[in-house]
Amino acid sequence: MIKKFDVYITPLKLTRTIHLYLPNNYDYSDERYPVMYMYDGHNLFFDEDATFGKSWGLKEFLDSYDKNFIIVGIECNKDGRKRLDEFCPYTLPSSRLGSLNGKGKVFMDWVVEELKPYIDQNYRTIPFRECTGIGGSSMGGLMSLYTVIAYNQYFSKAACLSSSVSICMDELMDEFNQHEINPDTRVYLSHGKKETRGKEHLQQVKDNLESFYHEFVNSDASCMINITNGIHNEVSWELENPTYFHYLWRH
């Protein structure tokens with residue numbers, strides 16, 4: 001079942017909608033569940049809510065999956081370019097996406113200090129980091145990667161699909177020097193071949209992902225790279241649902 005409710009992002013002084021997935025047996029059980037926090041929550045479950053009229057089909061997938069989860073889908077800021085600022089951890093005066101006033105750290109501080117405690121208090125979660133993951137695509141994929149590095153004490157798993165990491169490679173690599181990565185961390189990194197502009201661009205994408213792969217492996221954590229045949233849209237990301245859920249949660 002899907003519940004929608006508004007929350008207040010205190011540091012940004014904004015109200016935002018949460019799209020919450022609960023297992024179908026939630027009301028008839030005392031079971032507690034692992035949690036995935038996911039960006040762009042409006043794009044996860046229903047086509048009618050999705051920005052471009054197509055969702056990840058995550059409700060249908062989870063309804064038939066053999067492991068139960070709670071999903072906390074957080075809507076993005078839909079006001080102009082503000083999604084880019086919220087979903088970027090760093091202020092970048094110049095990038096391929098233009099100038100970005102990064103609010104990602106402020107946003108994630110709110111998630112761990114206010115949103116996660118609220119979810120844990122009001123729903124039957126398993127609150128420990130071992131049972132808490134993060135996921136997203138594009139700028140949400142960037143934020144998922146940033147989060148599992150910088151907030152590793154809260155999140156042990158990350159699904160980073162088609163992540164926009166090229167805009168801040170140096171900054172992300174610096175994060176590894178500032179934070180300890182727990183060896184039980186698992187990270188899924190993917191990108192579609194049809195998202196790139198030719199073989200040279202695809203190779204650069206692969207090189208970027210391999211850089212993160214080696215950083216996680218050198219920390220004794222686990223990482224998977226999946227180069228798909230997909231393009232940069234929800235149709236392709238829906239096809240990855242079984243792959244990243246299985247990798248993150250079944251190993």
Side-chain angles (χ1 to χ4, degrees), residues 2-22 32-44 69-79 82-92 100-160 163-165 168 171-172 174-182 184-187 219 221 248-249:
I2 306 294
K3 292 188 174 183
K4 299 179 185 180
F5 56 88
D6 289 341
V7 293
Y8 187 69
I9 305 177
T10 306
L12 299 180
K13 298 180 172 57
L14 295 171
T15 299
R16 194 67 50 78
T17 299
I18 298 295
H19 298 244
L20 184 78
Y21 173 88
L22 298 174
R32 290 187 170 273
Y33 304 94
V35 183
M36 282 282 285
Y37 289 80
M38 299 187 74
Y39 301 102
D40 295 311
H42 51 293
N43 289 336
L44 299 177
F69 293 87
I70 291 174
I71 307 293
V72 182
I74 312 168
E75 277 201 10
C76 72
N77 192 324
K78 300 176 182 178
D79 183 7
K82 291 182 180 179
R83 174 181 179 272
L84 299 179
D85 290 337
E86 260 184 36
F87 284 5
C88 184
Y90 314 106
T91 293
L92 304 173
L100 297 176
N101 181 20
K103 300 182 183 299
K105 184 181 187 306
V106 172
F107 184 83
M108 283 311 305
D109 284 345
W110 167 76
V111 170
V112 300
E113 293 171 6
E114 296 187 41
L115 179 60
K116 186 178 186 303
Y118 174 84
I119 296 296
D120 289 338
Q121 290 166 13
N122 288 276
Y123 298 93
R124 295 195 311 276
T125 68
I126 305 174
F128 313 118
R129 70 172 295 280
E130 294 82 0
C131 293
T132 307
I134 191 86
S137 62
S138 193
M139 291 297 287
L142 164 60
M143 279 293 288
S144 298
L145 181 58
Y146 164 74
T147 296
V148 81
I149 301 169
Y151 296 82
N152 194 259
Q153 69 269 39
Y154 300 100
F155 299 90
S156 65
K157 299 168 180 65
C160 314
S163 306
S164 302
V165 296
C168 54
E171 291 84 355
L172 283 170
D174 284 344
E175 290 291 344
F176 280 100
N177 298 322
Q178 301 176 38
H179 303 281
E180 182 176 353
I181 304 298
N182 192 300
D184 75 350
T185 301
R186 300 190 71 83
V187 180
S219 300
L248 295 178
W249 296 100

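As the structure is a prediction and not an experimental result, all values here were calculated from the model.
The distance from the CD1 atom of Ile70 to the NZ atom of Lys3 is 10.0 Å, given to the nearest 0.5 Å. Atom CG in Asn77 sits 8.5 Å away from atom CG in Asp85 (nearest 0.5 Å). Taken to the nearest 0.5 Å, the CG atom of Leu84 stands 10.5 Å off from the CG atom of Leu142. Atoms CG and CD1, on Asp109 and Ile9 in that order, are 12.5 Å from each other to the nearest 0.5 Å. Annotation: the span from Leu14 atom CG to Asp6 atom CG amounts to 12.0 Å, rounded to 0.5 Å. The distance from the CG atom of Asp40 to the CZ atom of Phe87 is 4.5 Å, given to the nearest 0.5 Å.
Heavy atoms only, all atoms of each residue included: Arg83 and Ser137 are closest at NH2-O, 3.9 Å. A pairwise comparison of heavy atoms in Met38 and Leu44 identifies CB-CD1, 3.8 Å as the closest pair. Taking both residues in full, the closest heavy atoms of Trp110 and Tyr8 are given as NE1-O, 3.2 Å, listed atom of the first, atom of the second, then distance. Nearest heavy atoms, Thr185 versus Ala221: O-CB, 3.5 Å. The minimum heavy-atom distance linking Met108 with Tyr146 is given by the pair CG-CE2, 4.5 Å. When all heavy atoms of Pro127 and Thr132 are compared, the closest pair comes out as O-OG1, 3.7 Å.
Side-chain N or O atoms of Asp184 include none that pairs as donor or acceptor with a backbone N or O of Ser156 at under 3.5 Å. Remark: side-chain polar atoms of Ser144 are not paired, donor with acceptor, to backbone N or O of Cys160 under 3.5 angstrom. Here the side chain of Lys157 pairs no donor or acceptor atom with the backbone of Gly135 at under 3.5 angstrom. Tyr151 places a side-chain N or O within donor-acceptor distance of the main-chain N or O of Lys105, the cut-off being under 3.5 Å. Distance alone, capped at 3.5 Å, places no donor-acceptor pair between the Arg186 side chain and the Trp249 backbone.
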- Test side-chain contact (heavy atoms from CB on, under 4.5 Å) applied to Ile119 and Tyr37, step by step: CA-CA 10 Å; Ile119 296 296; Tyr37 289 80; 3.5 Å; yes

- Message: Apply side-chain contact (heavy atoms from CB on, under 4.5 Å) to residues Glu86 and Leu12 and explain how you reach the verdict.
- Response: CA-CA 9 Å; Glu86 260 184 36; Leu12 299 180; 3.6 Å; yes

- Stepwise side-chain contact (heavy atoms from CB on, under 4.5 Å) check, Val7 with Glu114: CA-CA 10 Å; Val7 293; Glu114 296 187 41; over 6 Å; no

- Message: If you apply the rule side-chain contact (heavy atoms from CB on, under 4.5 Å), what do you find for Leu22 with Tyr33, and how did you get there?
- Response: CA-CA 9 Å; Leu22 298 174; Tyr33 304 94; over 6 Å; no

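Val112 has its side chain within reach of Phe155: a pair of non-hydrogen atoms, C-beta onward, lies under 4.5 Å apart. Two residues are said to be in side-chain contact when any heavy atoms from C-beta on lie closer than 4.5 Å; Phe107 and Ile74 meet this criterion. At a threshold of 4.5 Å between non-hydrogen side-chain atoms, the residues Ile71 and Val35 do not count as touching. Contact check for Glu113 versus Thr10: no side-chain heavy atoms found under the 4.5 Å cut-off. Counting heavy atoms from C-beta outward, Ile18 and Leu115 have side chains that approach closer than 4.5 Å. The side-chain heavy atoms of Cys76 and Lys78, taken from C-beta on, include a pair separated by under 4.5 Å. Using a 4.5 Å heavy-atom threshold, the side chains of Phe5 and Leu20 count as touching.
A 6.0 Å sphere centred on CZ of Phe128 holds no more than 12 heavy atoms belonging to other residues, nucleotides or ligands. Counting non-hydrogen atoms of neighbouring residues, nucleotides and ligands closer than 6.0 angstrom, the CD atom of Gln178 exceeds 12 such neighbours.
Screening His42, Arg16, Lys4, His19 for a side chain to side chain donor-acceptor pair (under 3.5 Å) involving Glu75 leaves a single residue, His19. Just one of Val148, Val187, Ile149 meets the side chain to side chain contact (heavy atoms under 4.5 Å, CB included) condition when paired with Ile181; it is Ile149.
For Tyr90 and Glu175, the side-chain atoms include at least one donor-acceptor pair closer than 3.5 Å.
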